[in-house]
There are 2 protein chains.
Amino acid sequence: MSASPTMSEQWLSTLQNSGYRLTGPRRVIVEIMAACERALGPLELFDLGRKEQPGLGLVTVYRTLEKMEELGLVQRVHQPNGCHMYLPAARGHQHLIICQQCGKAEYFEGEDMEAFFNQVAGEHGFTLREHWLQLFGLCANCK
Amino acid sequence: MSASPTMSEQWLSTLQNSGYRLTGPRRVIVEIMAACERALGPLELFDLGRKEQPGLGLVTVYRTLEKMEELGLVQRVHQPNGCHMYLPAARGHQHLIICQQCGKAEYFEGEDMEAFFNQVAGEHGFTLREHWLQLFGLCANCK
DNA sequence: TGTATAATTGAAAAAGATTTTCATTATCAA
DNA sequence: TTGATAATGAAAATCTTTTTCAATTATACA
């Protein structure tokens, strides 16, 4: 029906082109994540995945998330409690604002921010290797 | 010797004024954290503390850190692996640049950044409640 | 279309960090 | 000093994430 490949088809191709095999469990996980509008934890993803793929193992969820992150398909969200959630990484590294209630996430950009971060690092004698910027709050629906 | 109260004396007063008792283990933990120049993990703090207070328990370290954070004396540092480290929160909430090698941390300010974050949140219909900005890299010594 | 091989899988166990439980000990107000 | 109660440390419990391992499966190639 759709002329252009769907997001999950693109992701599956990326996995395959990177030398990973396409398997049932992997397809299911990729499909859920590619269509996801909010941050999901591994366990949530596992529960959703089991509906499609009853035998799915939690370990496979972790392993697939790891690969998707490595390929830049998915972005890790760090939570205050130390656990992680995952979001589609639509357009490379972006900054996030996340609803503390429902997990809804939106992306925002700050063009000049990266330059600013590099400048700050330089002023302190540091070489910058990674940066995190996450905003937490309540979305329009939850407040 | 010192006319003005030391940092750790100030912290101990804060604890006491907040209704917490002053105990040996607590004093040791406070003294280490108040004098600390780099981010420490609970286990590191525990090891350092045991040198002063051999019977010290790891649980007490966690509980004391919790109280110090609650009182704004200490700031939690979120690590990529999900574990936490702690730093003196010298002047309220500040942004951090942390050495991935040695844990050395420096603070920086971005006066206009808080305003920017609020604006971003507003544009997305969010009410901002918390923000994280952490830079990771290598310090002058480690690179 | 088989077939070999190497990647992938899921269960169970292990590893770590953090929290809870609980009996004992210590602080501090009266 | 004493009594109420906060704080302590050990052990056990939780929870997330990782590792191990034998069985299964995708894929390249004959």
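Just so it is clear: chains get the letters A, B, ... in the order the sequence lines come, proteins before strands, and each one is counted from 1. These numbers come from a predicted model, not from an experiment.
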On DNA chain D, more 5' by nearest nucleotide between A:Y62 and A:Y20 is A:Y62

Of the listed C:dT8, C:dA12, C:dA17, the closest approach to the B:C83 side chain comes from C:dA17

Closest to the side chain of A:P42, out of D:dA7, D:dT17, C:dT18, is D:dT17

A:R63 CZ to D:dT18 P, in whole Å, measures 11 Å

If you count every heavy atom of other residues, nucleotides or ligands that lies below 6.0 Å from B:E37 atom CD, does the total exceed 12? no

Rounded to whole Å, the CZ-C1' distance (B:R50 to D:dA10) equals 10 Å

Between CG of A:N81 and C1' of D:dT17 the distance, given in whole Å, is 13 Å

Rounded to whole Å, the CG-P distance (B:L12 to C:dC28) equals 11 Å

task = Using only heavy-atom distances, decide whether a donor-acceptor pair under 3.5 angstrom links the side-chain of B:R21 to the base of D:dT5.
result = yes

B:E44/B:R38 ion pair, N-O < 4.0 Å:
yes

### Query
So does A:E106 pair up with A:K104, basic N to acidic O under 4.0 Å?
yes

Are side-chain N/O atoms of B:Q75 and B:Y107 paired as donor and acceptor at under 3.5 Å? no

From CG of A:L58 across to C1' of D:dT17 the rounded distance in Å is 9 Å

Describe the nucleic acid contact of A:R26 in one word from base, sugar-phosphate, nothing, applying a heavy-atom distance below 4.0 Å. sugar-phosphate

Between CD1 of B:I29 and C1' of D:dT8 the distance, given in whole Å, is 10 Å

N/O (side chain, B:H84) to phosphate O (OP1/OP2, C:dT18) under 4.0 Å: yes

At 4.0 Å (heavy atoms only), tell me whether B:G82 reaches a base, stays on the sugar-phosphate, or touches nothing. nothing

Taking C:dT9, D:dG9, C:dT8 as options, the one with an atom nearest any side-chain atom of A:P25 is C:dT9

Between CG of B:L40 and C1' of C:dA17 the distance, given in whole Å, is 16 Å

Among D:dT16, D:dT27, D:dA10, the one nearest any side-chain atom of A:L22 is D:dT27

* **Sugar-phosphate only, base, or nothing, as touched by A:Q16 at under 4.0 Å among non-hydrogen atoms** => sugar-phosphate

Counting only side-chain nitrogens and oxygens, does A:T23 get under 4.0 Å of the OP1 or OP2 atom of C:dT9?
yes

Which of B:E70, B:E130, B:E69 passes salt bridge (charged side-chain N to carboxylate O under 4.0 Å, His left out) with B:R76? It is B:E69

Rounded to whole Å, CG of B:L15 lies from C1' of D:dA7 at a distance of 13 Å

Is any side-chain nitrogen or oxygen of B:Q53 closer than 4.0 Å to OP1 or OP2 of D:dG9? no

